[in-house]
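What you see below is based on every heavy atom in this structure, not just the backbone, and it leaves out hydrogens, waters and symmetry mates.
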Amino acid sequence: MRKDGARTVRRALLALLVVVSGAVAWSLRRPASRTTAPSPQETPVPGQGTTVADGSLMRFREDNRKVEVKWRSMVGREGAAMHLRGVEATFPFLRDGRASRATITADECLYQPQPQEASFRGNVHVRTDDGLELDTERLDYKADEGVARTDEPVRFRRGRSSGTARGLDYRAEGGTLDLKAEVKLRLEDEAGPPTDIEAGAAQATRDEHRVVFDGGTVVRQGARVLRSVRLQIFFNPETDAIDRAAAIEDVDLRVGPGAPMPGMPATEGGEKRLRCRKLQVFFRAKGILLEATAVNPASLETLPGRRDVPERRLLETDMIHFVFDDQGRLTTLEAYGGGPMARRTVLTAEPLGSPAQARRVESKNLVSTIDPVSGVVREATFADNVVFAEPGRKAWAGRAVYDEGSGRVALTEDPRIVDEAEGSELRARRISLGTRTHGVTASESVRHTLAPRARGGRPGMLGGEEPSVLLCREFDYDATTRTARYRENALLRSGKDEVRAPTIVLEQPAGGGRRLTASGGTASVLHPRPEAGASKEPAAVEARSREMVYEESANRIVYTGDVEIRQGDILTRSPEAVVTLTKDGGAVDRLLAGDPVEVQQGVRRATGQRGTYTPANETLVLVGEKVVLLDLDRRLEGRILTFEVGSDRIRVDGREEVRTEAVFKKKEPPKP
């Protein structure tokens, strides 16, 4: 009987050793290797050399391993079970190929031979010479089921790591350990703050090399807090290092101000928050981060630090994929939409305290590269139906690339921008937006359309009820000065009117009254409105000059540098010419040219100091101290010379104050 009792006690102690080893191995970040102690069912019966002295001490050998079991007294039976007090057992086991010893003590032990069961009660302590400690108040073992369990609180520690739980179950078949409730683990590391894990329950499976925390889990490490319904950790069977981990359902990772996201350097940034349904993390050897994936759906929120731009950034998509270098530093962040819910990838930048000023970029996919040393985003590429929106402005493109250094977004693949505040649309092969300056640049096949003014508003150049269109090869817009520059073969069309020049600059002051400047050699065509009751429209006014300035508020156009202006058969040449528009800006009122001015009408030539041309009645008046008219066969001089477009009539006032007038017919040059 005593030999059977010793055998059962020994089996129970060996099973308990597996429980304790499993609890620590599956709970700690660097789990221990499996022991080589035989299972309770395979433990051999004590053979030769076993001695039993008065039931107070048993010594026996397992192969070459010496096992000692002591108890102070046997106090009888409780039913079919023997009642032992003051139990202490010491036995060897192999750990990582090295011999180790374990000691288990308890106030009492109830042993039942059939079926074989043992129950340890009161101050149950397990100690190993490699630093394992486990304490509980009760531990029950059933040999036929290969099960050890307790419903009492359990405390364990090994080195700088420790934990508690309420109740555990261990099953030898499959090596499954269940921590039933109120699981708490603390993993301490000199390299950083301790890691605390809390869960409603936990299960470790030796054969599957997996630990599952369930019933609501919380992982804390300094300013980092990870919450999820379930947390799974998988280990490499060869090295016992962590291969991967998965947080599942209602995943919420918060990183406090100043603390970095995993794999990122410490910064002074604000709080960060990653939320998803499932988060998987993969590791290289020695626990170094390899990659992580958040899915179905996933969002990453970043708040600013004290020195950052005061705006909240939020990335929302189906999947966020993080890639780390061989040192575990984050180098790439990828976001992919179009999953089962057909979500889009959306990045929002919202200034704090002013949600109406938020910027938003929407696309199917996003790939961003990150500096592993500073953690700063180097570049972000948005692909597939990109939509960019900010207050008063929207943009579309097939592809967009954001450069953090310059703070610009480059749009390609049929890009288009609509400025809702200005009522304009910009198209080009490439468009670049300044996210900080709000400036815009564009190149190749640039087409900028300005919406027509409201009905009843000011017509004039750039006005009227028809849109104005500007074409060029290179375009840039300065939002601070509200100035747009059109370069390389620039063309403005406003209704029937046109302006061409190598460079056109359009300024739009906040107070109103736009200013257009053309330079580098300009050509313009303006169409005057006819006077009331006129039978036909006046001929177009064509002008060429080195520079041209249109001032909307002053109702005038100033041409400078080798100015040539033609309407019908009258051509004027002068260093400068000023076109004055009507009060509503809708038509040419008159043209002032000079000093000096030359007029040509067919074969006639006239010179003077200044000329005034009125398109409505197509009349040109030339004045000066000496106005000279040269015709085929005559020369006239005076102080005032009047031409009429399409007419042979010319009036010349004499140098004296006495008015004289000469009327003659325009002669044709002789035929050869």
inquiry  = Students often mix this up, so state it plainly: with edges at 30° and 60°, are the rings of Tyr486 and Phe475 parallel, tilted or perpendicular?
reply    = tilted
message = For the residue pair Thr503 / Ser519, report whether a side-chain donor-acceptor contact shorter than 3.5 Å exists.
response = no
message = Less than 4.5 Å apart, side chain to side chain, heavy atoms only: is that true for Ser299 and Glu316?
response = yes
ask   = Distance-only, no hydrogens or angles: does the Arg284 side chain make a donor-acceptor pair with backbone N or O of Leu289 under 3.5 Å?
value = yes
Tyr336 side chain near Asp318 side chain, heavy-atom distance below 4.5 Å = no
request  = With sequence neighbours left out, write down each residue that passes side-chain contact (heavy atoms from CB on, under 4.5 Å) with Thr437, or none if nothing qualifies.
outcome  = Arg408
note = So CZ of Arg378 and CG of Asp403: to nearest 0.5 Å the spacing works out to 11.0 Å
request  = Identify the two heavy atoms, one from Thr381 and one from Glu379, that lie closest to each other, and give their separation to 0.1 Å.
outcome  = OG1-OE2, 3.9 Å
query = Would Thr195 and Gln221 count as having a side-chain donor-acceptor pair, cut-off 3.5 Å?
reply = yes
message = Looking at Glu198 and Lys184, is there a salt bridge between them, counting it only when a charged N and a carboxylate O are closer than 4.0 Å?
response = no
key: NZ/NE/NH1/NH2 to OD/OE distance under 4.0 Å, Asp169 and Lys180   = yes
remark   = Nearest heavy-atom contact between Lys394 and Ala389 is CG-CB, 4.1 Å
query = Are the side chain of Glu552 and the backbone of Arg514 linked by a donor-acceptor contact shorter than 3.5 Å?
reply = yes
query = Which residue pairs pass the side chain to side chain donor-acceptor pair (under 3.5 Å) test with at least one member in residues 246-256, sequence neighbours excluded?
reply = Glu249-Arg277, Asp252-Arg273, Arg254-Glu271
ask   = If you look at every heavy atom in Arg210 and Phe234, which pair is closest and at what distance?
value = CD-CE2, 3.3 Å
task = State whether the number of non-hydrogen atoms from other residues, nucleotides or ligands found under 6.0 Å of Arg416 atom CZ is greater than 12.
result = yes
inquiry  = Using a 3.5 Å distance criterion without hydrogens, assess whether the side chain of Thr331 forms a donor-acceptor pair with backbone atoms of Pro372.
reply    = no
inquiry  = Donor-acceptor pair, distance only, cut-off 3.5 Å: does the side chain of Asp478 make one with the backbone of Thr480?
reply    = yes
request  = Enter the distance from Arg224:CZ to Leu253:CG here, rounded to the nearest 0.5 Å.
outcome  = 8.0 Å
key: Side chains of Asp419 and Val440 in contact at under 4.5 Å (non-hydrogen atoms)   = no
key: Val373 side chain near Arg329 side chain, heavy-atom distance below 4.5 Å   = yes
request  = Flag the pair Leu274 / Ile320 as yes when at least one side-chain heavy-atom distance between them is below 4.5 Å, and no otherwise.
outcome  = yes
inquiry  = Could you tell me if the side chain of Thr412 sits less than 4.5 Å from the side chain of Arg399, heavy atoms only?
reply    = yes
key: Heavy atoms of other groups near Arg429 CZ, more than 12 under 6.0 Å   = no
query = Hey, what do you get for CZ (Arg127) to CD (Glu133), rounding to the nearest 0.5 Å?
reply = 4.5 Å
ask   = Nearest 0.5 Å, what's the OH-OG1 distance between Tyr170 and Thr176?
value = 8.0 Å
ask   = If you look at every heavy atom in Thr317 and Gly337, which pair is closest and at what distance?
value = OG1-N, 3.5 Å
ask   = Does Arg171 CZ have over 12 foreign heavy atoms under 6.0 Å away?
value = no
ask   = Stepwise, does the side-chain contact (heavy atoms from CB on, under 4.5 Å) test hold for Glu507 with Thr481?
value = CA-CA 8 Å; Glu507 301 170 78; Thr481 61; over 6 Å; no
request  = Would you check if the side chain of Ser424 reaches a backbone N or O of Thr449 as a donor-acceptor pair within less than 3.5 Å?
outcome  = no
key: Leu433 side chain reached by Leu411 side chain, heavy atoms, under 4.5 Å   = yes
query = Counting N and O atoms only, with roles assigned by atom type, does the side chain of Arg482 sit under 3.5 Å from a partner on the main chain of Gln508, one being a donor and the other an acceptor?
reply = yes
message = Between Thr164 and Arg155 (side chain of the first, backbone of the second, donor and acceptor by atom type, cut-off under 3.5 Å), is there such a pair?
response = no
task = Compare every heavy atom of Ala202 with every heavy atom of Val183, then report the nearest pair and how far apart it is.
result = CG2-N, 3.9 Å
message = Less than 4.5 Å apart, side chain to side chain, heavy atoms only: is that true for Gln280 and Val295?
response = no
ask   = So how far is it from Asp151 CG to Glu137 CD, rounded to the nearest 0.5 Å?
value = 13.5 Å
ask   = Under 3.5 Å, is there a donor-acceptor pair between the side chain of Ser368 and the main chain of Leu333?
value = yes
request  = Could you tell me whether the side chain of Thr345 and the main chain of Lys364 form a donor-acceptor pair under 3.5 Å?
outcome  = yes
inquiry  = Using every non-hydrogen atom in the two residues, find where Arg344 and Asp384 come nearest and quote the distance to one decimal.
reply    = NH1-O, 3.4 Å
query = Which value, rounded to the nearest 0.5 Å, describes the distance between Ser228 atom OG and Ile248 atom CD1?
reply = 8.0 Å
message = Are there over 12 heavy-atom neighbours, none belonging to Asp325, within less than 6.0 Å of that residue's CG?
response = yes
